[in-house]
Amino acid sequence: MAKFWKPGTEKPRLVEDEDGGVLFFYSTSSSSSSSFGYANNLQQQRQRLPVFKRRDAILFLVENHATTIVVGETGSGKTTQIPQYLNEGGWAESGHVIGCTQPRRLAVQSVASRVAEEMGVKLGEEVGYVIRFEDVTTPGVTRIKFLTDGVLLREMMDDPLLSKYSVIMIDEAHERSISTDIVLGLLKKIQRRRPELRLIISSATIEAKSIASFFRASKKHRGGATKELGPKTEPAIVSVEGRGFTVEINYIQEPVADYLRAAVSTVMLIHKQQTVGDILVFLTGQDDIDAGVQLLNEEAQSSGKSNGELLVLPLYSGLSRAEQDLVFSPTPRGKRKIIISTNIAETSLTLEGIVYVVDSGFSKQRFYDPLSDIENLVVAPISKASARQRAGRAGRVRPGKCFRLYTEEYYVNEMSAEGIPEMQRSNLVSCIIQLKALGIDNILGFGWPSSPSPEAMIRALEVLYSLGVLDDDAKLTSPTGFQVAEIPLDPMLSKALLASNELGCSEEMLTISAVLSVQSIWISVRGAQKQLDEAKLRFAAAEGDHVTFLNVYKGFLESGKSSKWCHKNFINYHAMKKVLETREQLKKTAQRLGIVLKSCDRDIQVIRKAITAGFFANACHLEPYSHEGKYKTVRTSQDVYIHPSSVLFRVNPKWVVYHSLVSTDRRYMRNVVTIDPTWLVEVAPHYYQYQGPGSIATLTR
DNA sequence: GAGCACTGC
């Protein structure tokens with residue numbers, strides 16, 4: 001058994017951090033001396049990880065502090081090792097579970113199987129994981145459990161105090177996703193009720209301070225362990241070194257006007273002047289990237305001698321699986337691979353063999369405007385934290401270089417330290433219904449890690465009120481509110497699903513909901529647009545996109561869920577498999593809520609009515625005498641158009657409801673369905689009033 | 001006739 005600190009023995013040495021107030025440990029023991037009589041490879045590897053030097057310190061701090069913040073760059077081994085240290089330190093005794101969350105499903109699965117391997121146990125027994133659609137744990141046996149933070153949130157609905165956990169580690173907290181932030185806010189509340197619960201928050205360097213100050217109790221609540229029993233409330237911070245190689249940072253001398261051209265010439269310069277090694281270029285989106293790939297190929301052609309030496313590959317989520325796989329294939333001998341990527345390579349995917357990074361300094365970010373209730377995707381400057389993360393991608397295999405397409409002066413003086421948390425850039429409807437379901441009544445006064453704007457919160461409350469999910473006192477209605485909260489869908493879609501039960505078309509609405517939950521069921525093929533449009537016509541329904549989805553689903557089932565059939569019809573097979581999974585999960589939830597599975601057998605009208613019952617706020621009517629298909633939203637009289645990808649594009653029916661808006665030079669409605677305007681008053685009499693034939697208005701509230 | 005950074009339940 002390896003050495004670790006035990007309560008009651010002499011404690012490790014602690015020193016005050018010069019930044020004030022926080023505990024900081026430095027190692028006193030000669031770390032990995034052989035306390036093993038024999039050591040297999042895995043155990044030796046474990047001890048070589050940088051985090052091993054902090055093993056005793058981490059166990060000591062977790063014992064004595066309610067919250068421990070572990071600061072460390074990638075490669076420290078904290079994710080795989082800390083849960084094992086806790087297990088070795090006795091935190092999974094008497095049926096308790098050590099939980100560790102990750103923001104992404106793939107990370108949950110790979111970390112869990114790695115830890116199971118290191119412990120020599122079968123995955124799903126002592127070490128398990130839970131992600132949506134997959135529970136690989138054995139209750140009563142599983143001691144270390146990896147899960148997405150979204151799953152942890154769902155668990156709180158059944159067990160608000162998370163009573164089976166003794167320690168919960170929130171990994172990658174610096175990414176500040178919506179669910180991480182909600183989890184952090186709720187865990188802080190749980191700690192007041194369960195002082196014995198220990199939290200470990202893992203974060204990258206820059207963000208650690210704001211997270212520490214969030215967990216630092218306000219002065220009047222602060223109590224030391226000297227007077228009372230139990231852990232200190234003051235969060236401890238321990239830092240763990242990373243394992244990355246040094247990355248030399250280069251800045252551009254003068255600001256550039258066109259980062260695309262600058263990126264291309266920088267790549268060519270690296271190729272001419274620097275030794276072998278692949279190059280990763282960060283641009284913003286598909287357009288930029290495709291243009292960049294083309295420019296680079298032209299440059300390589302014209303520069304003659306390097307012709308054929310460059311292998312230029314695009315990388316973004318919209319690519320097919322096969323196209324994405326190209327990026328991971330080994331670089332052919334004598335070639336230099338250049339990957340031009342979106343933010344996907346910043347956190348979600350890890351590329352091996354990258355030695356040079358070119359950072360444009362921009363990414364596409366979502367911003368939400370509560371007044372128009374629209375989420376926009378805009379190209380915006382990245383933060384210092386992102387810039388560091390991008391640079392770090394160059395130092396995974398050997399020392400690397402990062403070329404920033406902005407000046408050092410800009411980096412130092414103008415770039416913000418941290419990005420804006422997702423919570424402050426998003427529509428909050430789903431977030432707020434979850435908090436309500438967890439019994440958080442005072443939304444405005446909730447202890448948010450970063451509070452969203454009051455306007456955004458009020459807008460979300462209004463939407464939930466109009467859906468009949470919240471009552472006049474802003475409490476969840478029964479049963480609708482509780483049911484909508486239980487269904488893992490956007491609340492408007494959940495409401496439509498509930499309505500479909502009354503209208504007798506729940507089978508159809510389950511399918512539609514599942515399809516709307518995946519990115520797109522169509523294959524995006526550049527250069528084969530015409531064939532895609534023709535394929536779509538085979539399924540197109542006059543009533544709109546939602547009914548078209550039903551036709552696709554039916555065809556897919558009739559084909560025997562065939563991938564060949566999908567390929568032939570320009571349908572994304574992987575997306576359809578996800579539709580099946582999602583539909584199955586929704587079906588189970590729906591049945592638990594007492595929804596009766598029933599098909600309306602091609603009575604399309606009730607399906608459209610059910611959709612309207614959820615999406616009535618998105619009703620639009622065609623402008624009379626409009627020759628360009630201009631619609632106005634009923635609620636705010638904004639100009640909107642049917643998106644060219646919709647089967648109703650250029651059909652322009654008089655009345656429609658849309659599922660979502662995308663905003664570019666115009667506002668486009670994606671996924672629209674035709675409605676009869678009288679339904680609006682029928683399904684939402686509190687929201688609309690009838691003003692004579694063909695005229696509906698929102699009620700002023 | 002246009003264009004979807006990335007996750008998650």
Side-chain angles (χ1 to χ4, degrees), chain A residues 101-108 130-135 147-157 172 175-183 282-291 315-319 341-349 360 362-367 375-380 382 386 389 419 422-423 425-426 430-431 433-434 437 484-491 493-494 513-514 517-520 522 524-526 529-530 532-533 578 581-582 585-586 588-589 628-629 641-646 649-652 660-671:
Chain A
T101 73
Q102 296 292 320
R104 282 170 289 280
R105 295 160 50 97
L106 194 65
V108 168
V130 185
I131 55 179
R132 186 182 186 179
F133 308 132
E134 253 186 280
D135 183 344
L147 65 172
T148 54
D149 31 29
V151 168
L152 187 67
L153 257 179
R154 287 277 156 187
E155 284 190 1
M156 286 188 200
M157 289 196 185
E172 315 286 354
E175 287 188 22
R176 303 297 305 274
S177 72
I178 289 183
S179 40
T180 306
D181 268 20
I182 303 179
V183 163
F282 283 104
L283 295 181
T284 59
Q286 186 175 333
D287 276 357
D288 269 9
I289 290 169
D290 289 342
L315 178 62
Y316 41 85
S317 74
L319 290 176
S341 173
T342 61
N343 255 4
I344 194 169
E346 196 180 301
T347 48
S348 304
L349 292 179
S360 65
F362 290 94
S363 70
K364 275 199 184 172
Q365 293 163 36
R366 182 170 56 201
F367 286 96
E375 291 182 325
N376 292 314
L377 266 184
V378 249
V379 173
I382 62 169
S386 277
Q389 177 76 17
E422 192 188 9
M423 183 78 83
R425 298 184 282 114
S426 308
S430 296
C431 163
I433 194 171
Q434 294 214 50
V484 167
E486 185 98 352
I487 302 170
L489 289 172
D490 176 273
L493 208 46
S494 303
S513 304
S517 300
V518 305
Q519 293 259 354
S520 170
W522 305 105
S524 66
V525 265
R526 282 156 296 160
Q529 199 51 53
K530 211 172 158 213
L532 172 61
D533 284 350
K578 191 145 191 208
E581 277 186 326
T582 309
Q585 188 201 21
L586 291 173
K588 280 188 197 140
T589 310
E628 48 169 359
Y641 299 82
I642 292 179
H643 195 278
S645 66
S646 169
F649 178 66
R650 282 204 287 237
V651 177
N652 295 331
S660 62
L661 281 185
V662 290
S663 193
T664 53
D665 54 330
R666 283 177 170 184
R667 284 182 177 140
Y668 287 102
M669 304 181 265
R670 298 181 76 182
N671 298 324

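Chain identifiers are assigned alphabetically (A, B, ...) following the order of the sequence lines, protein sequences preceding nucleic acid strands; residue numbering begins at 1 within each chain. The model shown is predicted, which means the values in this text are computed figures rather than measured ones.
Within the 4.0 angstrom heavy-atom criterion, only backbone atoms of the sugar-phosphate kind lie near A:Arg105; the bases stay farther away. Among the protein residues, A:Ile344 comes within range of the sugar-phosphate backbone only, with heavy atoms under 4.0 Å from sugar or phosphate atoms but none that close to a base. Residue-level contact check: A:Val662 touches neither bases nor backbone, having no heavy atom under 4.0 Å from any strand. Using a 4.0 Å heavy-atom criterion, one finds that A:Thr342 contacts the sugar-phosphate atoms exclusively. The residue A:Ile131 sits close only to the backbone: its heavy atoms come under 4.0 Å of sugar-phosphate atoms, none of a base. As judged by a 4.0 angstrom heavy-atom cut-off over every strand, A:Asp288 is placed among residues making no nucleic acid contact. A:Phe133 comes within 4.0 angstrom of nothing in the nucleic acid, heavy atoms only. A:Ser177 comes within 4.0 angstrom of no nucleic acid atom, judged by non-hydrogen atoms across all strands. Using a 4.0 Å heavy-atom criterion, one finds that A:Ser363 contacts no nucleic acid atom at all. Here A:Arg104 lies in heavy-atom contact (under 4.0 Å) with sugar-phosphate atoms only. In this structure, A:Glu175 reaches neither bases nor backbone, as no heavy-atom distance under 4.0 Å exists between it and the strands shown.
When each of A:Val183, A:Ile182, A:Asp149 is tested with A:Ser177 by the rule side-chain contact (heavy atoms from CB on, under 4.5 Å), just one qualifies, namely A:Asp149.
A:Gln585 and A:Arg132 form a side-chain donor-acceptor contact under 3.5 Å, judged by distance and modelled atom types alone.
In this structure A:Asp181 satisfies the salt bridge (charged side-chain N to carboxylate O under 4.0 Å, His left out) test together with A:Arg176, sequence neighbours excluded. Considering only residues two or more places apart in sequence or on other chains, A:Tyr641 meets the ring-ring contact (aromatic ring centres under 6.0 Å, His included) condition with none of them. Here A:Tyr668 pairs with A:His643 under the ring-ring contact (aromatic ring centres under 6.0 Å, His included) rule; sequence neighbours left out. With sequence neighbours left out, the salt bridge (charged side-chain N to carboxylate O under 4.0 Å, His left out) criterion links A:Glu486 to A:Arg592. Checked against salt bridge (charged side-chain N to carboxylate O under 4.0 Å, His left out), A:Arg154 has no partners two or more places apart in sequence or in another chain.
Taking the 5' to 3' direction, DNA chain B first and last meets chain A under 4.0 angstrom from a heavy atom at B:dG1 to B:dC9.
When each of A:Asp149 and A:Ser645 is assigned the nucleotide of DNA chain B with its nearest heavy atom, A:Ser645 is the one assigned upstream, toward the 5' end. Residue whose closest nucleotide on DNA chain B sits further toward the 5' end, between A:Lys578 and A:Arg366: A:Arg366.
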